[in-house]
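First comes the structure, then the notes that go with it.
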Protein chains: 2
Amino acid sequence: MTGKKWTLKSIAAHLGVSNATVSNAFNRPDQLSKQKREEILSACHELGYFGPNKAARSLRKGTFNIVALVLPDSVEYMVSDPVASSFMRGVANVLEPQGINLLLFSGNADNVSNVVDFVDGFICYGRPRNTKLIAHLAVLNKEVVAVDFELNGQASVNINNHQAAYEVANQALRAFTDASKEANVAILGLRLLDTELICRVYDHHLPKLNTSIAHQRLAGFRQALQESNVSMSDDRTWNIPESSERWARIAAKEALNVQPRPNVLLCMSDLIALAAAREAQEQGLKVPQELKIVGFDGIDEAQLFNPAITTIHQNSEAKGQHAAELFINKQKQQVILPFELRMGQST
Amino acid sequence: MTGKKWTLKSIAAHLGVSNATVSNAFNRPDQLSKQKREEILSACHELGYFGPNKAARSLRKGTFNIVALVLPDSVEYMVSDPVASSFMRGVANVLEPQGINLLLFSGNADNVSNVVDFVDGFICYGRPRNTKLIAHLAVLNKEVVAVDFELNGQASVNINNHQAAYEVANQALRAFTDASKEANVAILGLRLLDTELICRVYDHHLPKLNTSIAHQRLAGFRQALQESNVSMSDDRTWNIPESSERWARIAAKEALNVQPRPNVLLCMSDLIALAAAREAQEQGLKVPQELKIVGFDGIDEAQLFNPAITTIHQNSEAKGQHAAELFINKQKQQVILPFELRMGQST
DNA sequence: CTGTTAGCGCTTTCAT
DNA sequence: ATGAAAGCGCTAACAG
């Protein structure tokens, strides 16, 4: 019994007032007497008219109360990753009370044409995989907040990945500073290359100039190695295309089977570090005695693991909140958030 | 250099053709010569016109290529829960290739007015917490797919929660069938009451008629108890308002401190079971020797835990896929999906 | 305080 | 194959 489908016009006619009056009753209380307003509102409620059609209003006003959350990858990937989920939580926490809704959008798309006309703007969580999409975002006349990367002068939220990687790597190398033991390092990298493959990352594979967080972290790791006088040949770095248990396991298996066997594993995410630790334990290796492992992100599961993973904790939820606030306030700032070195028993 | 903002009309004028022709070039290739079409399309590309404004088109056509995913609770909760995330993944997997985007919507809202005019319909994952919202959904002229509950004749996807709970409870009670030992059972329930509180669920608290999955599971547990001749007083069932480690811990602590101390813990989610197992182990209790624990859902983390949690595995991703397919095909079916009893070492 | 009216940008008959 | 025009439902400027 949903009955008649009301429009502002038909309601106005039915009530014997002009449509502007009905519109005002809903949108501009100061434009009509309190009494008349209540009268109209309750009549509408009675009749089952829930207010002006939002699509039409948006077409007219150009605002939508919807923001697109652009994910680095497919939607599928996003919700599998606890770090990404925390970020989303932070965003939602700020946006929901404002009556702003979140539209999920895949970073694999070529452009945002499908949604651009429905949203007030974009929050991009991580550099979208599809470079065409990045170009498209850059030329839009819509607001954009970039997270974990920079987009030509738009608002952004980042941490200092280089410094963070440097610090956590130093923790892993602590035991080797007196040169009584030799550090054999391997790096399990996340999205160092633009490929779906698990493979080693030789120096000549690396693009000349790349400011992605993976490369910043790699640079941080390398600085730490250098300062500790630890050398590492360029066949001991792996690319993992996605932060998942399965893929990380495979890469960890490869890494733990090279000679000389690594006794230090620098991982670019906690999920990877966890997978590596599990693999090591299954192979009978003692962590941290025979193998030191560090992660990156600071997810709960890695803290509950035995041994707890030494890692860089970043507050993803706060990141999401910041991004949402920049969006709401239309601030074109570049924000750098703090991180925290979190000691575990894995080093 | 985003420059002029084109509209279909201005583009048409610029190109010296009518606006219908431009519209047809984008939407109805059969309405004009191939040559003219290509001409127009490439000219538009050149000029930076990405096609007809989607909001205006939607206003005109009444379709949006957006579906709202209604979450049981806040968006925040959704993305914290691995089961919910899997579901979302399934949905996204089906919708993304169709060019349909997902709008996240909180089940705490009073109504869907804010988004109803932007979407083709709703997929509701779990009965929304706000009952007003349910009522509103029921009277809309939009497509709705209900998951894990029923909504007056709309399409739905469910599993047989009663039967599943019955089977997993039987596993927990196996060891007690010969009556040599007495089973002291406690139940850690998820959302048995409509409250934010962790509290015991006395019989007189329970609504007369409630078909929510929590109540179906409770009924299943009780049937198993009854058939095994295990009695349980009504002060040994807890309500946990949300499937999270923190809250489950608190409830588990309460439950493990009652007399006689439980040796069987029936939990309504794996997250709860995990928290309970951790609590038990910290208290020095041996699982399963001194305490048997079962969960519900089948998340990875519970399988990796030591001991692996005996649970009901349900394929959340498949659930999401089914829901999305029902939506796309506009089928008003009630689908019941299978589940699988998964034996761990926690019983 | 209320009513009239011109669009927002598009799709779709209906003529031509 | 193309063009003119109506209208999707609404808001805001303006006149009364």
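Lettering follows sequence order; numbering is per chain, from 1. A quick note: this is a predicted structure, and the numbers were derived from the prediction, not measured.
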Which nucleotide in [options] has an atom nearest any side-chain atom of [X]:
{"X": "B/Leu8", "options": "C/dG3, C/dA6, C/dT11", "value": "C/dT11"}
{"X": "B/Lys36", "options": "D/dT2, C/dC10, D/dG9", "value": "D/dT2"}
{"X": "B/Val17", "options": "C/dT11, D/dG3, D/dA12", "value": "D/dG3"}
{"X": "B/Asn53", "options": "D/dG9, C/dG9, D/dG3", "value": "C/dG9"}
{"X": "A/Gln31", "options": "D/dA12, C/dG9, C/dT2", "value": "C/dT2"}

To the nearest 0.5 Å, what is the distance between CG on B/Asn315 and CD on B/Gln321?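 With rounding to 0.5 Å, CG (B/Asn315) is 7.5 Å from CD (B/Gln321).
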
Look at [X] and [N] and indicate whether a side-chain polar atom (N or O) is within less than 4.0 Å of OP1 or OP2.
{"X": "B/Ser18", "N": "D/dG3", "answer": "yes"}
{"X": "A/Asn19", "N": "D/dT11", "answer": "no"}
{"X": "B/Thr21", "N": "D/dG3", "answer": "yes"}
{"X": "B/Asn27", "N": "C/dT11", "answer": "yes"}
{"X": "A/Ser23", "N": "D/dT11", "answer": "yes"}
{"X": "A/Tyr49", "N": "D/dC10", "answer": "yes"}

Tell me the interatomic distance from [X], atom [atom1], to [N], atom [atom2], rounded to whole angstroms.
{"X": "A/Lys54", "N": "D/dC10", "atom1": "NZ", "atom2": "P", "value": "9 Å"}
{"X": "A/Leu59", "N": "D/dG9", "atom1": "CG", "atom2": "P", "value": "12 Å"}
{"X": "B/Asn141", "N": "D/dG9", "atom1": "CG", "atom2": "P", "value": "13 Å"}
{"X": "B/Asn24", "N": "C/dC10", "atom1": "CG", "atom2": "P", "value": "13 Å"}
{"X": "B/Arg60", "N": "D/dC8", "atom1": "CZ", "atom2": "P", "value": "8 Å"}
{"X": "B/Trp6", "N": "C/dC8", "atom1": "CH2", "atom2": "P", "value": "16 Å"}
{"X": "B/Ile40", "N": "D/dA1", "atom1": "CD1", "atom2": "P", "value": "13 Å"}
{"X": "B/Gln35", "N": "D/dA1", "atom1": "CD", "atom2": "P", "value": "12 Å"}

B/Asp194 atom CG, neighbour heavy-atom count above 12 within 6.0 Å: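 Not more than 12 within 6.0 Å, no.
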
For B/Gly16 and B/Lys61, take the nucleotide of DNA chain D holding the closest heavy atom to each; which residue's nucleotide lies nearer the 5' end?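 Of the two residues, B/Gly16 wins.
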
Pairwise 5' ranking along DNA chain D for A/Arg28 and B/Ala20, keeping only the more 5' one: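 Per heavy-atom nearest nucleotide, the more 5' residue is B/Ala20.
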
Can you give me the bend angle of the helix from C/dC1-D/dG16 to C/dT16-D/dA1? Use the axis through the first five pairs and the one through the last five, nearest 10 degrees.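 About 40° separates the two local helix axes.
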
[X] (side chain) donor-acceptor with [Y] (main chain) under 3.5 angstrom:
{"X": "A/Asn130", "Y": "A/Ala109", "result": "yes"}
{"X": "A/Lys319", "Y": "A/Val157", "result": "no"}
{"X": "A/Asp120", "Y": "A/Val67", "result": "no"}
{"X": "A/His14", "Y": "A/Ser10", "result": "no"}

If the threshold is 4.0 Å, N to carboxylate O, is there a salt bridge linking A/Arg129 and A/Glu242?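 Between A/Glu242 and A/Arg129 there is no salt bridge, as every charged N stays at least 4.0 Å from the carboxylate O atoms.
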
Select base, sugar-phosphate, or nothing to describe what B/Leu32 touches, counting heavy atoms under 4.0 Å on all strands.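 The answer is sugar-phosphate, as B/Leu32 gets under 4.0 Å only of primed atoms, P, OP1 or OP2.
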
Holding to salt bridge (Lys or Arg N to Asp or Glu O under 4.0 Å), I want the full list of residues that pass it with A/Asp117, two or more places apart in sequence or in another chain.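 Result, salt bridge (Lys or Arg N to Asp or Glu O under 4.0 Å) vs A/Asp117: none returned.
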
